[in-house]
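The structure under discussion appears below in the form of structure tokens.
Sequential numbering from 1 along the given sequence is applied to the chain's residues.
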Amino acid sequence: MQQKNMAKADFVTSIVLLLFGMAILIMSIQMPRFEGLGVNPYSVPGIVPGLLGLILLILSLVLFIRSIVRKGYQLGLTMQIIKQYFTDPSTRNFLFALILSLAYGVFLLTRIPYSLATGLYILFFILIFEYRPKENMSSQKKTILYSLVEAISVSAGVTLVFRYLFLVDLP
């Protein structure tokens, strides 16, 4: 991205992050506090997400103010710029990643075991972004093999760490 467009990108990004930080903070406040159980107030489930949401909120506010000072609010949107944005390969890649991540979180994790869902997510993520349609399949065997090995090893590693180190049962 060109330097002159950074203030505009910072402006838009700061608004998205402000909303996200507020949502995290609100949801963490709404989490149970277990006051009736007499637990330590620093062990309630919403404390870490609340602090992270507050930090995100503060930092995005700093980014927002900085982008206003640099006149990032002057977006200068035209139909040509919007069309150029949606035809840009980086936007396409972002949308692929977003759709794949939503499919993982909404469909895969709710229907199949965590290890399998995570392995499939990693495998498809790598294959989608590393596959070269102009080359024949036999020249891409190494990429396919590496992505399969990486998907299996990362999925197994994450599952083992959460299950036996953090003592968290995964879905």
Are Ile58 and Leu61 grouped together when hydrophobic residues (ILVMFWY) are joined by side-chain heavy atoms under 4.5 angstrom apart?
yes
Say whether Phe129 and Ile122 are linked into one hydrophobic cluster, either directly or through other cluster members, by side-chain heavy-atom distances under 4.5 angstrom.
yes
Show, in sequence, the C-alpha distance, side-chain angles and deciding distance for Ser155 and Ser115, and conclude whether the side-chain hydrogen bond (donor to acceptor under 3.5 Å, both in side chains) test is met.
CA-CA 6 Å; Ser155 176; Ser115 300; 4.5 Å; no
ILVMFWY network linking Phe96 to Leu108, side-chain heavy atoms under 4.5 angstrom:
yes
Trace of the side-chain contact (heavy atoms from CB on, under 4.5 Å) decision for Leu123 with Leu148
CA-CA 6 Å; Leu123 178 68; Leu148 190 59; 4.1 Å; yes
Ignoring hydrogens and angles, state whether a donor on the side chain of Ser101 or Tyr121 is under 3.5 Å from an acceptor on the partner side chain.
yes
Donor-acceptor list for residues 11-30 side chains, cut-off 3.5 Å, not counting sequence neighbours:
unit_1	atom_1	unit_2	atom_2	d
Thr13	OG1	Ala9	O	2.7
Ser14	OG	Asp10	O	3.1
Ser14	OG	Phe11	O	2.7
Ser28	OG	Ile24	O	3.2
Ser28	OG	Leu25	O	2.8

Give the cluster check for Leu160 versus Leu167: same hydrophobic cluster or not, with ILVMFWY residues linked at side-chain heavy-atom distances below 4.5 Å.
no
Take atom OH of Tyr114 as the centre, draw a 6.0 Å sphere, and report whether it contains more than 12 heavy atoms from other residues, nucleotides or ligands.
yes
The test is side-chain contact (heavy atoms from CB on, under 4.5 Å); show your working for Tyr104 and Leu120 and say whether it passes.
CA-CA 9 Å; Tyr104 168 70; Leu120 288 172; over 6 Å; no
Is Leu109 linked to Ile112 within one hydrophobic cluster, defined over Ile, Leu, Val, Met, Phe, Trp and Tyr using a side-chain heavy-atom separation of less than 4.5 Å?
yes
For Arg163, which residues count as a salt bridge (Lys or Arg N to Asp or Glu O under 4.0 Å) partner, sequence neighbours excluded?
none
Residue pair Val48, Leu52: steps toward the side-chain contact (heavy atoms from CB on, under 4.5 Å) verdict:
CA-CA 6 Å; Val48 173; Leu52 293 175; 4.0 Å; yes
